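Given the structure is predicted, the values throughout are model-derived calculations rather than measurements.
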Amino acid sequence: MKITSLQLYPKQKVVHFFMQHWGTTEMVISSGIYDCSQLDGFVSINDQQEIIGLITYILRDEECEIISLDSIEESRGIGTKLVQEVEKVALKKGCKQVILITTNDNLNALKFYQKRGYHLTQVLPNAVEKARTYKPEIPLIGYDGIPIRDEIKLQKTLV
């Protein structure tokens, strides 16, 4: 497994990855509308040069926001290493915190981030309903049959 900057990896492979796993490169959340293929980030690749993990983020003043995180091979530390890379960049750039937003159905993400020092800081009721006005293809039902309605903001203070 090798981690490299997303900008050094072929753009068409990044776009293909997002299309294959998300159906689009576009992410609509309460903090904004993002084309993930245009964001800064890191990619984890295997020996065959295939993407096995990918993270995107944006920097705003003293805050870094993780926009997307995907790990194809779970429980191998890929997601953890990608998050750590973003946290290193955020520290270098003078950020005081890293934030992210996930949906109420994404219990795996909630567990993953809390185990890595992130705290729940805000629940945004019905935020996904608002996002559907722009992107109606967002599913109504998510993981484990849970209706997707709310966004949950998590934050980690950097030392």
Side-chain angles (χ1 to χ4, degrees), residues 1-60 63-90 93 95 98-113 115-116 118 124 127-156:
M1 170 178 57
K2 178 182 171 189
I3 294 179
T4 188
S5 169
L6 198 56
Q7 286 65 38
L8 300 176
Y9 198 74
K11 179 71 87 187
Q12 73 274 14
K13 289 186 178 186
V14 172
V15 170
H16 177 73
F17 179 86
F18 280 112
M19 296 303 291
Q20 183 180 14
H21 295 279
W22 289 91
T24 179
T25 61
E26 195 171 64
M27 181 78 65
V28 179
I29 51 181
S30 57
S31 66
I33 300 169
Y34 307 96
D35 180 344
C36 290
S37 69
Q38 301 296 319
L39 298 176
D40 288 326
F42 294 94
V43 62
S44 178
I45 53 176
N46 62 18
D47 294 338
Q48 292 75 40
Q49 303 301 304
E50 299 166 327
I51 298 174
I52 55 174
L54 191 152
I55 192 167
T56 61
Y57 66 92
I58 58 169
L59 300 171
R60 287 189 212 96
E63 182 177 86
C64 174
E65 182 176 359
I66 294 173
I67 303 300
S68 70
L69 172 62
D70 290 286
S71 178
I72 304 307
E73 301 174 9
E74 292 188 20
S75 301
R76 290 202 40 226
I78 296 166
T80 299
K81 287 180 177 128
L82 290 168
V83 168
Q84 289 169 344
E85 288 297 319
V86 170
E87 290 173 355
K88 284 182 208 172
V89 168
K93 299 287 187 176
C95 293
V98 177
I99 65 164
L100 64 104
I101 294 171
T102 191
T103 51
N104 63 286
D105 68 311
N106 199 344
L107 304 180
N108 285 338
L110 291 169
K111 287 189 292 189
F112 173 84
Y113 284 109
K115 286 180 180 180
R116 284 147 188 87
Y118 287 77
L124 303 158
V128 181
E129 193 174 306
K130 293 173 190 159
R132 281 192 192 99
T133 61
Y134 179 80
K135 189 176 175 186
E137 62 269 21
I138 297 173
L140 294 171
I141 306 296
Y143 298 108
D144 298 318
I146 299 171
I148 305 173
R149 290 186 291 257
D150 312 314
E151 290 182 344
I152 300 171
K153 184 177 176 181
L154 292 98
Q155 174 183 316
K156 181 176 183 177

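The shortest non-hydrogen separation linking T25 to V15 is CG2-CG1, 4.1 Å. Considering all non-hydrogen atoms of both residues, L124 and S30 come closest at CD1-OG, 3.3 Å. T56 and C36 get closest at one heavy-atom pair: CG2-O, 3.6 Å. What you find for I51 and V14 is that their closest heavy atoms are CD1-CA, 4.4 Å. Heavy-atom minimum distance, S37 versus F18: N-CE1, 4.1 Å. In plain terms, the two heavy atoms of S71 and G79 that are nearest each other are OG-N, 4.1 Å.
The closest side-chain heavy-atom distance from E137 to R132 is not below 4.5 Å. S68 is not listed as a side-chain neighbour of I55, based on a closest heavy-atom distance of 4.5 Å or more. Residues L140 and P147 fail the side-chain proximity criterion, which asks for heavy atoms closer than 4.5 Å. Between K153 and I99 there is a side-chain heavy-atom pair separated by less than 4.5 Å. Contact of the I148 side chain with the I141 side chain is not registered, since no non-hydrogen atoms from C-beta on lie closer than 4.5 Å. The shortest distance between side-chain heavy atoms of V98 and E87 falls below 4.5 Å. With contacts defined as side-chain heavy-atom distances shorter than 4.5 Å, the pair K156/L100 does not qualify. The side-chain heavy atoms of K2 and V43, taken from C-beta on, include no pair separated by under 4.5 Å.
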In sequence, state the C-alpha distance, the side-chain angles, and the governing distance for F42 and L6, and then conclude on side chain to side chain contact (heavy atoms under 4.5 Å, CB included).
CA-CA 5 Å; F42 294 94; L6 198 56; 5.9 Å; no

With salt bridge (Lys or Arg N to Asp or Glu O under 4.0 Å) as the criterion, how do E65 and R60 come out once you've worked through the C-alpha distance, each side chain's angles and the decisive distance to 0.1 Å?
CA-CA 8 Å; E65 182 176 359; R60 287 189 212 96; 2.7 Å; yes

Any chance you could lay out the side chain to side chain contact (heavy atoms under 4.5 Å, CB included) test for N108 and Y143, step after step, and finish with the verdict?
CA-CA 9 Å; N108 285 338; Y143 298 108; 5.7 Å; no

Go through the steps for I67 and Y57 under the test side chain to side chain contact (heavy atoms under 4.5 Å, CB included), then give the verdict.
CA-CA 5 Å; I67 303 300; Y57 66 92; 5.5 Å; no

With side chain to side chain contact (heavy atoms under 4.5 Å, CB included) as the test, would you mind laying out the steps for D40 and I58 before giving the verdict?
CA-CA 7 Å; D40 288 326; I58 58 169; over 6 Å; no

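Taking CD1 of I78 as the start and CD1 of I52 as the end, the distance is 3.5 Å to the nearest 0.5 Å. The CG atom of D144 sits 8.5 Å away from atom CG of D105, with the distance rounded to the nearest 0.5 Å. Here I101 contributes atom CD1 and I29 contributes atom CD1; the two are 4.5 Å apart, rounded to the nearest 0.5 Å. The distance from the CG atom of L107 to the OG1 atom of T102 is 9.0 Å, given to the nearest 0.5 Å. Residue I138 holds its CD1 atom at 13.0 Å from NZ of K130, rounded to the nearest 0.5 Å. Taking CG from L54 and NZ from K13, the interatomic distance works out to 13.0 Å, rounded to the nearest 0.5 Å.
The closest donor-acceptor contact from the side chain of N104 to the backbone of D150 lies under 3.5 Å.
Relative to the six-membered ring of F112, R116 meets both conditions, a distance below 6.0 Å and an angle of at most 45° to the axis.
Salt-bridge formation is detected for the pair E85/K88: a Lys NZ or Arg NE/NH1/NH2 atom is positioned less than 4.0 Å from an Asp or Glu carboxylate oxygen.
With sequence neighbours excluded, the residues satisfying ring-ring contact (aromatic ring centres under 6.0 Å, His included) with F17 are H21. With sequence neighbours excluded, no residue forms a ring-ring contact (aromatic ring centres under 6.0 Å, His included) with H16.
Within 6.0 Å of CD on Q7 lie more than 12 heavy atoms contributed by other residues, nucleotides or ligands. Atom NZ of K93 is surrounded by 12 or fewer heavy atoms from other residues, nucleotides or ligands within 6.0 Å.
Side-chain contact annotation: E26 with T24, donor-acceptor N/O pair under 3.5 Å absent. A donor and an acceptor atom, one from each side chain of E151 and T103, are nowhere located under 3.5 Å apart. Counting only N and O atoms by type, the side chains of Q155 and Y113 include no donor and acceptor under 3.5 Å apart.
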